[in-house]
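First the proteins, then the strands, lettered A, B, ... as listed; each starts at 1.
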Protein chains: 2
Amino acid sequence: METKVLILEDDIVNAMHMQVVLESAEFEIIGIAGNYIEALRLFVNRLPDLLVCCIYLNNGEVAINFIEQARDIKKVPVIYVSAHDDEETLNRVMDSSPASYITKPFTDRQLLVAAKCALHKQMRLSSCNTTPEPTGRELEIIRHLVKGESSRKIADTLCISYETVKTHRKNIYKKFRVSSGYETVALAFHNQWVF
Amino acid sequence: METKVLILEDDIVNAMHMQVVLESAEFEIIGIAGNYIEALRLFVNRLPDLLVCCIYLNNGEVAINFIEQARDIKKVPVIYVSAHDDEETLNRVMDSSPASYITKPFTDRQLLVAAKCALHKQMRLSSCNTTPEPTGRELEIIRHLVKGESSRKIADTLCISYETVKTHRKNIYKKFRVSSGYETVALAFHNQWVF
DNA sequence: CAAACAATCCCCCATTCGGGGGATATTTGG
DNA sequence: CCAAATATCCCCCGAATGGGGGATTGTTTG
């Protein structure tokens with residue numbers, strides 16, 4: 001059974017973008033609302049399993065009011081979408097215990113990960129960047145790693161010592177708190193260091 | 001210097017979606033055209049470095065005519081976007097030597113990969129599915145692999161023998177023509193088996 | 001029904017990896 | 001100007017991988 005999703009977002013382009021992305025991953029969009037009243041009407045009629053809410057609407061409405069009313073009808077996980085990646089907004093929505101929080105602009109992947117996490121009731125934040133960046137050389141090695149090249153081969157193609165490549169890998173593991181090449185490759189995709 | 005892109009697509013939602021995606025990856029959209037004439041006007045005025053073209057427009061126009069005229073002015077790589085994933089359409093556009101070919105619905109990743117490949121003059125097809133699917137058990141193992149778990153650990157959590165996990169991995173390598181866990185993880189992300 | 005597929009398990013062996021030590025030179029930023 | 005960051009190189013060792021052989025059970029499906 002598909003997960004029913006209600007989107008509260010007045011930017012129609014962004015809303016339709018989200019619709020396309022979510023529909024490509026077994027989600028059923030039961031409606032797109034541009035304001036509070038419309039959202040509540042759709043909510044009571046269709047009883048969605050997941051809410052995707054823009055925090056601030058252009059007409060001045062704030063999603064939190066709607067969320068609180070909706071909660072009285074049916075408890076559902078919420079993904080908050082924000083255009084502002086600041087701590088104040090973050091703290092504000094945290095009080096209403098969302099399931100996910102992503103900031104614009106976000107990638108398809110970020111939205112999908114947020115949605116999946118929301119359904120599994122795992123909190124997920126995609127904001128207030130604390131992730132370090134790989135250095136130029138590190139990124140180069142990560143890209144080769146993604147292609148499945150061994151440290152020996154990477155060393156040959158980059159014309160550096162095998163030991164140097166190993167050192168870079170060890171540094172990457174420490175910096176990003178992973179412990180294998182596999183996790184590094186996964187990380188590279190999540191952070192869009194590679195395509 | 002950013003790569004200048006011209007989009008020929010009359011579905012405005014899809015066009016804006018592509019704009020958002022491409023702009024998030026160092027591409028500059030110099031214009032969106034909904035028809036042949038408009039596209040040619042934008043082309044001669046702005047001389048883009050890359051074309052993204054819907055093959056069939058709703059008004060009955062076919063992009064190939066436009067492409068051939070544009071080619072006389074400036075040679076640029078072309079990404080063809082098609083709603084039909086059939087061999088006939090594919091053969092038809094192949095004759096005009098596109099740089100990439102993707103079918104709707106496509107993911108952000110597919111579009112970006114196509115764009116990057118186009119710029120590097122590497123042909124890329126995202127159609128006529130020839131990619132085999134992993135079996136249930138194989139997919140399960142792939143997901144654990146992405147998390148960085150070793151074959152031994154996977155065996156423990158799935159309560160099967162270490163040798164069995166190795167066999168599954170070997171089968172995966174053969175089936176998808178890869179030769180390492182790293183490539184498998186990369187493949188899993190490309191094919192959206194994981195998020 | 002026979003053949004293909006899926007999932008399970010076993011052995012061998014060379015190569016690679018992960019993690020633990022170091023060291024030195026160059027670039028860069030405050 | 002000097003400390004921090006970056007990039008380079010070296011050794012050791014136990015564990016894991018990749019690639020090559022097999023084999024046995026069910027299940028699906030043409």
Side-chain angles (χ1 to χ4, degrees), chain A residues 26 128-195, chain B residues 1 26 87 128-195:
Chain A
E26 296 159 36
C128 298
N129 235 338
T130 53
T131 323
E133 284 293 309
T135 68
R137 208 51 161 171
E138 283 167 355
L139 191 56
E140 215 164 344
I141 281 160
I142 289 170
R143 288 194 212 274
H144 285 280
L145 213 52
V146 170
K147 291 192 217 149
E149 294 177 17
S150 70
S151 294
R152 187 87 50 187
K153 175 135 198 267
I154 297 173
D156 288 346
T157 50
L158 294 184
C159 290
I160 54 178
S161 161
Y162 165 66
E163 295 295 334
T164 305
V165 177
K166 285 193 64 177
T167 304
H168 281 305
R169 292 181 65 154
K170 283 190 281 194
N171 288 338
I172 291 168
Y173 297 158
K174 271 184 199 156
K175 188 189 278 187
F176 300 102
R177 306 223 223 100
V178 291
S179 57
S180 71
Y182 306 106
E183 287 174 271
T184 307
V185 172
L187 197 78
F189 277 96
H190 278 298
N191 295 56
Q192 301 208 287
W193 297 330
V194 292
F195 293 103
Chain B
M1 190 195 65
E26 295 159 37
E87 272 198 59
C128 297
N129 236 338
T130 51
T131 321
E133 284 293 308
T135 69
R137 208 52 161 171
E138 283 167 355
L139 191 55
E140 215 164 343
I141 281 161
I142 289 170
R143 288 195 212 275
H144 286 280
L145 213 53
V146 169
K147 289 192 219 150
E149 293 177 15
S150 69
S151 294
R152 186 87 52 188
K153 176 133 196 270
I154 296 172
D156 287 346
T157 50
L158 294 183
C159 290
I160 54 178
S161 160
Y162 165 64
E163 296 295 336
T164 305
V165 177
K166 284 192 66 177
T167 304
H168 281 305
R169 291 180 67 155
K170 282 190 282 193
N171 289 337
I172 291 167
Y173 298 159
K174 271 184 198 153
K175 187 188 279 187
F176 302 103
R177 306 223 222 100
V178 293
S179 57
S180 71
Y182 305 105
E183 287 173 272
T184 308
V185 171
L187 196 77
F189 277 97
H190 278 299
N191 295 52
Q192 301 207 287
W193 297 331
V194 294
F195 294 104

Who pairs with A:Tyr182 by ring-ring contact (aromatic ring centres under 6.0 Å, His included), at least two apart in sequence or on another chain? B:Tyr182

Any chance you could measure A:Asp156, atom CG, to A:Glu149, atom CD, to the nearest 0.5 Å? 9.5 Å

Pairs under 3.5 angstrom, nitrogen or oxygen only, protein versus nucleotides 9-12 of chain D, please.
unit_1 : atom_1 : unit_2   : atom_2 : d
D:dC9  : OP2    : A:Ser161 : N      : 2.5
D:dC9  : OP2    : A:Thr164 : OG1    : 2.8
D:dC9  : O5'    : A:Thr164 : OG1    : 3.3
D:dC9  : N4     : A:Thr167 : OG1    : 2.7
D:dC10 : OP2    : A:Ser161 : OG     : 3.1

What do you reckon, is NZ of A:Lys175 surrounded by more than 12 foreign heavy atoms closer than 6.0 Å? yes

Between C1' on D:dA16 and CG on B:Asp156, what's the gap in Å once rounded to a whole number? 14 Å

Is any side-chain heavy atom of B:His168 closer than 4.5 Å to one of B:Ile154? no

Roughly how many Å is it from CD1 in A:Ile172 to C1' in C:dG18, rounded to a whole number? 13 Å

What I want to find out is whether B:Glu140 reaches B:Arg137 closely enough, with some N-O distance under 4.0 Å, to be called a salt bridge. yes

Value rounded to 0.5 Å, distance of OG in A:Ser180 from CZ in A:Arg169: 9.0 Å

Please confirm whether the shortest side-chain N or O distance from A:His168 to OP1 or OP2 of D:dT8 is below 4.0 Å. yes

Short side-chain N/O contact to D:dA5 OP1/OP2 from A:Thr135, under 4.0 Å: no

Looking at NZ of B:Lys147 and CZ of B:Arg143, how far apart are the two atoms once the value is rounded to the nearest 0.5 Å? 9.0 Å

Atom CD of A:Glu183 and atom CG of B:Leu145: how far apart are they, to the nearest 0.5 Å? 10.5 Å

What's the separation between atom CD1 in A:Ile141 and atom CD1 in A:Ile172, rounded to the nearest 0.5 Å? 6.0 Å

Can you label the angle between the B:His190 ring and the A:Phe189 ring as parallel, tilted or perpendicular, going by 30° and 60°? perpendicular

Once you round it to whole Å, what is the distance between C1' of C:dT16 and CD1 of A:Ile154? 12 Å

Verdict with supporting geometry, B:Phe176 and B:Thr184, side chain to side chain contact (heavy atoms under 4.5 Å, CB included): CA-CA 8 Å; B:Phe176 302 103; B:Thr184 308; over 6 Å; no

Check whether any side-chain nitrogen or oxygen of B:Tyr173 sits under 4.0 Å from OP1 or OP2 of D:dG19, and answer yes or no. no

Between D:dA7 atom C1' and A:Leu139 atom CG, what is the distance in whole Å? 15 Å

With a 4.0 Å heavy-atom cut-off, tell me which residues in residues 179-188 of chain A come close to DNA chain C, sorted by residue number. A:Ser179, A:Ser180, A:Gly181

Identify each donor-acceptor pair in which a side-chain atom of residues 160-167 of chain A lies under 3.5 Å from a protein atom, sequence neighbours left out, and give them as a table.
unit_1   : atom_1 : unit_2   : atom_2 : d
A:Ser161 : OG     : A:Glu163 : N      : 3.0
A:Thr167 : OG1    : A:Glu163 : O      : 2.9

Interatomic distance, CG@B:Asn191 vs CD@B:Glu133, rounded to 0.5 Å, equals 7.5 Å

Interatomic distance where CG belongs to B:Asn171 and P belongs to D:dG20 [whole Å]: 13 Å

One would report the end-axis bend of the helix from C:dC1-D:dG30 to C:dG30-D:dC1, five pairs per end and rounded to 10 degrees, as 70°

Among residues 140-152 of chain A, which ones have heavy-atom contacts with DNA chain C below 4.0 Å? A:Ser150, A:Ser151, A:Arg152

